[in-house]
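Okay, structure first, notes after.
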Amino acid sequence: MKKILVTGGAGFLGSHLCERLLKDGNDILCVDNFFTGSKINIAHLMASPYFELMRHDVTFPLYVEVDQIYNLACPASPVHYQFDPVQTTKTSVHGAINMLGLAKRLKARIFQASTSEVYGDPEVHPQPEDYWGRVNPVGIRSCYDEGKRCAETLFFDYHRQHKLEIKVARIFNTYGPRMHPNDGRVVSNFIVQALKGEELTIFGSGQQTRSFCYVDDLIEGFVRLMNSRAELTGPLNLGNPGEFTMLELAEKIMKLTNSKSKLAFKPLPQDDPKQRQPSINLAKHELAWEPSVSLEDGLKETISYFRNTLR
Ligand code: NAD
Ligand code: UDP
Ligand code: UDP
């Protein structure tokens, strides 16, 4: 039995990861400051003697004893990370320093939830790991994008300087049950709007693309990467290569919810990437991993979750 720390464990991805690691027979320490996460996401795990919840902000030092660390703490949706951008950068950078310091003292393996946002608005398509990206350093998305880029730098410097075993995953847009209904991400927005019979808000022309991965597929990738050979540091893309325009996504969600909602076109937010699709050759080769849940099946699960929570 391993003692595993999950920071951001009460969030969307963190709660699924805690659930999975607990099911695999590990002892979990979930650390969260509940900025975007919630106790409801992990309420079903609280009865287990092998699940422990700690309210803590990762921008402050943390002294605990664990064997592995998954560092997920950070707001992930533009609405949330732009609410307090300074705190967002602090969470990524100070949070990474503290968790790396902890990993160094414990000689523990550490996983970083990085993001496809490190590629910015990319000129290379699909995005392979060796593409350095095109990120605006001073825009409204920069607190998140540059914070995550700096966290990657810290991970690689702790690896080179202190011989830490690091695992850096670049996560592409992921969706599923326990997404925050008001976090402004496109999948949750469209589903909630469709179920409430409200207009679906399309930003810009709706021709921009994203590639959507179902949460269960992603979590499988996390666990495989964490337990891969020591030399495999990443960065490694995890995402579903299926690429869709926002208009296609809206149509699919309308169909699956039998919604009669109309579309409302809104201005495109600043620096919104035009396209995004992961190249997952590295994950296929190194982890024998690829997503297995189709967008349609994943959306059905997510819609059914929102039907129950919106009731
Ligand atoms: P989320 O907002 O649901 O979860 C983030 C969690 O971190 C929340 O529980 C929040 O309360 C907690 N948190 C935030 N700041 C903290 C702090 N200073 N100290 C302690 N806890 C803090 O978002 P998510 O979608 O679950 O994302 C989890 C991680 O995965 C994030 O690091 C995010 O950047 C990364 N990621 C997610 C996606 C995606 O599509 N969901 C894509 C790329 C990267
Ligand atoms: N740290 C922590 N928990 C630990 C060990 C370190 O939170 O168990 C923090 C500590 O506050 C420090 C940071 O991690 O600021 C980086 O630690 P490191 O040992 O790399 O740096 P140093 O302490 O030498 O500044
Ligand atoms: N988007 C949209 N309508 C919404 C919310 C988002 O058209 O109600 C668009 C947004 O402009 C972006 C895409 O959907 O082009 C994905 O947005 P999200 O915030 O989910 O993720 P990110 O931009 O971080 O990839």
Side-chain angles (χ1 to χ4, degrees), residues 7-17 30-38 41-42 54-65 70-81 84 87-88 90-92 94-106 112-118 141 144-145 147-148 151 154 158 161-162 164 169-176 178-180 183-190 192-193 200-213 215 218 222 238-239 245-247 249-250 264-269 271-276:
T7 76
F12 162 48
L13 298 180
S15 63
H16 285 276
L17 178 62
C30 168
V31 161
D32 207 294
N33 70 348
F34 303 115
F35 175 54
T36 50
S38 118
N41 286 340
I42 43 165
M54 183 177 174
R55 180 192 290 264
H56 174 80
D57 182 327
V58 294
T59 61
F60 296 98
L62 177 67
Y63 286 83
V64 293
E65 309 302 315
Y70 285 87
N71 187 37
L72 273 63
C74 186
S77 85
V79 172
H80 284 146
Y81 70 65
D84 186 350
Q87 175 66 16
T88 299
K90 283 185 185 168
T91 292
S92 273
H94 292 182
I97 291 173
N98 287 328
M99 292 309 104
L100 287 162
L102 175 65
K104 181 181 136 199
R105 177 175 64 79
L106 299 173
Q112 168 67 355
S114 191
T115 169
S116 55
E117 299 281 335
V118 301
R141 294 175 82 98
Y144 183 74
D145 302 6
K148 289 285 188 179
L154 284 162
Y158 269 80
Q161 202 174 325
H162 299 302
L164 242 64
R170 289 187 179 150
I171 306 163
F172 283 66
N173 299 60
T174 300
Y175 69 99
R178 301 195 208 122
M179 288 185 93
H180 198 298
D183 77 359
R185 280 187 265 198
V186 68
V187 173
S188 44
N189 265 14
F190 284 179
V192 170
Q193 290 161 343
L200 270 63
T201 51
I202 310 273
F203 298 167
S205 66
Q207 293 299 337
Q208 70 273 35
T209 67
R210 293 292 186 275
S211 304
F212 298 101
C213 186
V215 61
L218 185 80
F222 279 18
L238 290 175
T245 67
M246 295 312 102
L247 280 175
L249 179 71
F265 288 85
K266 305 275 178 189
L268 189 67
D271 295 338
D272 199 277
K274 280 180 271 316
Q275 52 181 4
R276 224 190 263 127

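When a residue number appears, it is its place in the shown sequence, counting from 1. All figures in this text were calculated on a predicted structure; none of them were measured in a lab. In each ligand, atom 1 is the first atom listed, and ligand 1 is the first ligand listed.
The nearest protein atom to atom 20 (O) of ligand 3, hydrogens excluded, is given as Val186 N, 2.8 Å; this is a heavy-atom distance. Counting only heavy atoms of the protein, atom 3 (N) of ligand 2 lies nearest to Leu62 O, 2.7 Å. Residue, atom and distance of the protein heavy atom nearest to atom 9 (C) of ligand 3 are Gln208 NE2, 3.8 Å. Considering only non-hydrogen protein atoms, atom 1 (N) of ligand 3 sits nearest to Phe203 CD1, 3.4 Å. Of the protein's non-hydrogen atoms, Lys104 NZ, 3.5 Å is the one closest to atom 18 (P) of ligand 2. Atom 22 (P) of ligand 3 has as its closest protein heavy atom Arg141 NH2, 3.5 Å. Atom 17 (O) of ligand 2 has as its closest protein heavy atom Gly101 CA, 3.3 Å. The single protein non-hydrogen atom nearest to atom 10 (C) of ligand 3 is Asp272 OD2, 3.4 Å, given as residue, atom name and distance. The single protein non-hydrogen atom nearest to atom 8 (O) of ligand 2 is Arg105 NE, 2.6 Å, given as residue, atom name and distance. Atom 12 (C) of ligand 2 has Asn98 OD1, 4.1 Å as its closest protein atom, hydrogens excluded (heavy atom only). Given atom 4 (C) of ligand 2, the protein heavy atom at minimum distance is Tyr63 CE2, 3.3 Å.
Residue contacts with ligand 1 do not include Arg178, since none of its heavy atoms lies under 4.0 Å from the ligand. Residue contacts with ligand 2 include Tyr158, since one of its heavy atoms falls under 4.0 Å from the ligand. Between Gln193 and ligand 3 there is no heavy-atom distance shorter than 4.0 Å. In this structure, Lys148 has a heavy atom closer than 4.0 Å to ligand 1. For Ser77, the heavy-atom gap to ligand 3 stays at 4.0 angstrom or more. Between Thr7 and ligand 1 there is no heavy-atom distance shorter than 4.0 Å. Using a 4.0 angstrom heavy-atom cutoff, Lys266 does not count as in contact with ligand 3. Residue contacts with ligand 1 include Ser114, since one or more of its heavy atoms lies under 4.0 Å from the ligand. Tyr175 does not count as a contact of ligand 1, since none of its heavy atoms falls under 4.0 Å from the ligand.
Here is the list of ligand 1 atoms found below 4.0 Å of a heavy atom in Asn173: 40 (O). Of all the atoms in ligand 3, the ones that sit under 4.0 Å from a non-hydrogen atom of Glu117 are 22 (P), 24 (O), 25 (O). Of all the atoms in ligand 1, the ones that sit under 4.0 Å from a non-hydrogen atom of Phe34 are 11 (O). Listed by atom number, the atoms of ligand 1 under 4.0 Å from His56 heavy atoms are 19 (N), 20 (C). Heavy-atom contacts of Gly8 reach the following atoms of ligand 1: 6 (C), 7 (O), 9 (O), 12 (C) (cutoff under 4.0 Å). Atoms of ligand 1 found under 4.0 Å from any heavy atom of Gly37, numbered from 1 in the order shown, are 8 (C), 9 (O), 10 (C), 11 (O). Of all atoms in ligand 1, listed by their number and element, those nearer than 4.0 Å to a heavy atom of Thr115 are 43 (C), 44 (C).
Proximity of Met246 to ligand 3, defined as any heavy-atom pair under 4.0 Å, is confined to the side chain (atoms from C-beta onward). In Asn189, the part holding a heavy atom less than 4.0 Å from any atom of ligand 3 is the side chain. If you look at Asn173 next to ligand 3, the close heavy atoms, those under 4.0 Å, all belong to the side chain. With a 4.0 Å cut-off on non-hydrogen atoms, Met179 does not touch ligand 3 at all. Of the heavy atoms in Ser38, none comes closer than 4.0 Å to ligand 1.
To the nearest 0.5 angstrom, Gln161 atom CD is 10.5 Å from Leu154 atom CG. Taking CG from Asp32 and CE from Met54, the interatomic distance works out to 12.0 Å, rounded to the nearest 0.5 Å. Going from atom CZ of Phe190 over to atom OG1 of Thr201 covers 6.0 Å, rounded to the nearest 0.5 Å.
Close N/O approach between Ile171 and ligand 1 is not found [any backbone or side-chain N/O within under 3.5 Å]. The N/O atoms of Val58, backbone and side chain alike, include one that comes under 3.5 Å of an N/O atom in ligand 1. Looking at ligand 1, you'll find an N or O of Arg185 within less than 3.5 Å of one of its N or O atoms. Residue Gly11 has at least one N or O atom closer than 3.5 Å to an N or O atom of ligand 1. Where the criterion is an N or O separation shorter than 3.5 Å, residue side chain and backbone included, Thr91 meets it with respect to ligand 1. Polar contact check, His162 against ligand 2: no nitrogen or oxygen pair lies under 3.5 Å apart.
Below 30°, between 30° and 60°, or above 60°: for His180 and His80 the angle between ring planes is above 60°, a perpendicular geometry. Aromatic ring pairs are classed by plane angle as parallel below 30°, tilted from 30° to 60° and perpendicular above 60°; the pair Phe212 and Tyr175 is perpendicular. Ring geometry, His162 versus Tyr158: the interplanar angle falls from 30° to 60°, so the pair is classed tilted.
Nearest to atom 7 (O) of ligand 1 by heavy atom, out of Cys74, Cys213, Gly95, is Cys74. Closest heavy-atom approach to atom 23 (O) of ligand 1 among the candidates Ala76, Gly147, Gly176: Ala76. The option from Thr36, Asn71, Leu72, Thr174 that lies nearest to atom 29 (C) of ligand 1, judged by heavy atoms, is Leu72.
A 4.5 Å side-chain heavy-atom check between Phe172 and Cys213 finds every atom pair outside the cut-off.
In terms of modelled atom types and a separation under 3.5 Å, the side chain of Thr88 and the main chain of Asp84 share a donor-acceptor contact. Listed for the Gln208 side chain is a donor-acceptor partner under 3.5 Å among the backbone atoms of Phe203.
When each of Arg141, Lys148, Arg170 is tested with Glu117 by the rule side chain to side chain donor-acceptor pair (under 3.5 Å), just one qualifies, namely Arg141.
In this structure, atom 25 (O) of ligand 2 has no protein heavy-atom contact shorter than 4.0 Å.
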